[in-house]
Amino acid sequence: MEKTRIRKQIKDNGVVGAGGAGFPAYFKLSSSADTVIANAAECEPLLYSDKELLRRHPEEFIKGLQLAVQLTGASRGIIAIKGKYKDIISTLEKFLSSELEIFRLPDAYPVGDEQVLVWETLKRIVPEGGIPINVGVVVQNAATLYNIYNAVEKNLPVIKKFVTVTGAVEKPFVAEVAIGTEISKLIEFAGGVKKELNNRFEILEGGPMTGKLVPLNHPVSKTTGGVIVFPENHYIIHQLKSRASVIIKKAQSFCCMCRSCTEVCPRYLIGHNMKPDQIMKSVSILNELDTRAFLCCECGLCEVYACPLDLSPRLVARQIKAQLLEKGIKNPHHTIPGNVHSVREFRQIPSNRLIMKANLQKYNQTPESITSPILPDSVSIFLQQHIGVPAKSVVKVGEKVREGQVIARVDENSLGADIHSSISGTVVEVNDKLINIKK
């Protein structure tokens, strides 16, 4: 009954995976596991959000991990963090209990990928198309564990998020931001976009390797970890803006089958039958849809780091997955590999080398730490910030709401998460996608 009560608190306070797709935390913590891994890797370049959280709230993070260990019945919890963050590790060690330990990760990309993380820390291989619980492991992001602590110990809902604002802005910063804050306001807080860009820029939500293009009025959600401004002609932006037809035609025209993409693919290196060069061959020579595209984790190494011809096996795989799903074809690959690739240890990509290859050197700076939360005069809060069904509004236009109040709910038996107001104010708009509130 105690575990049931705790999970209900986590659900009622809207806690979802803060570092990925937003999987509802209460559901993941209903699983039985022998190990909980706290993912504190934050392995994408330029991002500092989780590191800032750990510096400010180490004890709360540790207590959140202890709750996750308790709920899953695990015998231990592992904090997976890059070994180079010695100051954070030293602080965390002061709060460790007997069932917790710290694992020092290499400074490589993508060590924060949960399947790579499970291998690095436990030497277990997650099956093809599987998830960590298939090998007895639950992985939770550092910010998720902090939110779990707040939900259980303080009954606080998720209404703020640590966000890094960086790239081509005058004053990069990292701060706790009210969910629903429009990105334009964060860029304004950062002193605006660099003048030499002449307003020719694009915005990524997330990291430079896996982020998505968003407009200026896009609001911060529970899963937003970074906001990066790039010149519109930056290679990363150019690739993301390419049309699907162009991506496929380039693959058909230029791919030389050199295997460079496969040699660095993290899924291939942990033993999965994922070979990006074969994905490219399937569209360029065989004219067929290779179902192994389902095994692609879309980390971007094949595109940004490996390919000598500026092609994108990642985006080709993404297109193939979409076409297969349209045809009603699901992932048929579920093999459990016997071992990782024999040379995996020597093919990890150091972060500094990736930064150079991705042309990120000029943006690779430690952002200013803003200690006061950023609370705007208005917020636009998405009804779906999680995997599952969207929440349904329980407020109307003209209604007064207070900070932390539930404004949208998910049906009791549906997978999802409730949504709470991040400021006190008046509801000025409600539609099928978001709720707008003004002070």
Side-chain angles (χ1 to χ4, degrees), residues 19-23 43-44 109-110 112-116 126 128-131 202-214 218 223 225-226 228 230 234-255 257 259-270 272-307 309-334 349 354 358 384 387:
F23 200 89
C43 68
E44 285 217 43
Y109 178 83
D113 172 271
E114 65 177 14
Q115 295 196 17
V116 173
V126 176
E128 293 177 348
I131 56 177
E202 295 287 347
I203 302 165
L204 277 188
E205 179 189 33
M209 299 298 290
T210 62
K212 63 180 181 179
L213 291 169
V214 294
H218 187 82
T223 61
I228 307 176
F230 279 122
H234 194 281
Y235 170 76
I236 289 173
I237 300 301
H238 171 74
Q239 291 290 81
L240 289 175
K241 293 179 73 174
S242 297
R243 296 194 306 274
S245 59
V246 173
I247 291 167
I248 297 296
K249 286 179 180 178
K250 285 176 66 177
Q252 294 170 332
S253 302
F254 304 135
C255 183
M257 304 297 154
R259 278 184 57 91
S260 293
C261 52
T262 295
E263 297 303 323
V264 301
C265 174
R267 289 291 185 269
Y268 168 73
L269 292 175
I270 62 171
H272 290 189
N273 187 27
M274 173 57 191
K275 298 178 180 179
D277 68 296
Q278 295 298 303
I279 301 296
M280 298 294 275
K281 182 179 180 179
S282 74
V283 298
S284 62
I285 298 177
L286 303 178
N287 195 29
E288 63 183 29
L289 301 178
D290 193 328
T291 56
R292 286 178 293 183
F294 281 116
L295 303 181
C296 176
C297 63
E298 300 191 23
C299 70
L301 277 179
C302 56
E303 169 190 329
V304 177
Y305 186 85
C307 184
L309 299 175
D310 289 340
L311 303 180
S312 179
R314 166 179 59 169
L315 297 179
V316 170
R318 185 183 295 174
Q319 294 301 321
I320 291 175
K321 281 188 276 188
Q323 292 178 49
L324 289 169
L325 289 172
E326 285 180 6
K327 295 176 181 291
I329 300 173
K330 296 181 180 181
N331 174 31
H333 303 281
H334 303 287
I349 307 304
L354 177 62
Q384 183 158 17
I387 285 179

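Computed from a prediction, not measured in an experiment: that's the story for all the values here. All heavy atoms count here, side chains included; hydrogens, waters and symmetry mates do not.
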On a heavy-atom basis, which atom in V304 and which in A358 lie closest, and how many Å separate them? CG1-CB, 3.4 Å
Please find the pair of heavy atoms, one from F230 and one from L204, that lie closest to each other, and give the distance. CE1-CD1, 3.6 Å
Distance-only donor-acceptor pairs under 3.5 Å for side chains of residues 279-288, two or more places apart:
residue : atom : partner : partner atom : Å
S282    : OG   : I279    : O            : 2.6
S282    : OG   : E288    : O            : 3.4
S284    : OG   : M280    : O            : 2.8

For L301 and P266, which heavy atoms make the closest approach, and how far apart are they? CD1-CD, 4.4 Å
Under 3.5 Å donor-acceptor, H272 side chain and V126 backbone: yes
Would you give the length of the straight line joining atom CG of D310 to atom OH of Y235, rounded to the nearest 0.5 angstrom? 4.5 Å
Closest non-hydrogen atom pair, Q115 against G130: NE2-O, 3.1 Å
Can you name the one residue among L311, L315, V316 that meets side-chain contact (heavy atoms from CB on, under 4.5 Å) with K250? L311
Can a donor-acceptor pair be found, under 3.5 Å and without considering hydrogens, that links the side chain of Y268 to the backbone of P276? no
With L289, which residues qualify under side-chain contact (heavy atoms from CB on, under 4.5 Å), at least two apart? I320, Q323, L324, K327
Measure the shortest side-chain to side-chain distance between C296 and K321 over non-hydrogen atoms and say whether it is less than 4.5 angstrom. yes
For C43 and G112, which heavy atoms make the closest approach, and how far apart are they? SG-N, 3.3 Å
Output the distance between atom CE (M274) and atom CD (E128), rounded to the nearest 0.5 Å. 10.5 Å
Answer whether the closest heavy-atom distance between the side chains of S260 and Y305 falls below 4.5 Å. no
At what distance, to the nearest 0.5 angstrom, does OG of S312 lie from CD of E298? 9.0 Å
Is a side-chain N or O of T223 found less than 3.5 angstrom from the main chain of G22, in a donor-acceptor match? no
So, taking the atom named CG in D113 and the one named CZ in R267, what distance separates them when rounded to the nearest 0.5 Å? 4.0 Å
When you check the gap from the basic side-chain N to the acidic O, do E205 and K212 get nearer than 4.0 Å? yes
Within this structure, what is the CD1-OH distance for the pair I349 and Y109, rounded to the nearest 0.5 Å? 11.0 Å
Under the side chain to side chain contact (heavy atoms under 4.5 Å, CB included) rule, what do Q239 and R314 come out as? Steps first, then yes or no, please. CA-CA 10 Å; Q239 291 290 81; R314 166 179 59 169; 5.9 Å; no
Nearest-0.5 Å distance that lies between atom NE2 in H333 and atom OG1 in T291: 2.5 Å
Determine the minimum heavy-atom distance between A306 and V264, stating which atoms define it. CB-CG2, 3.7 Å
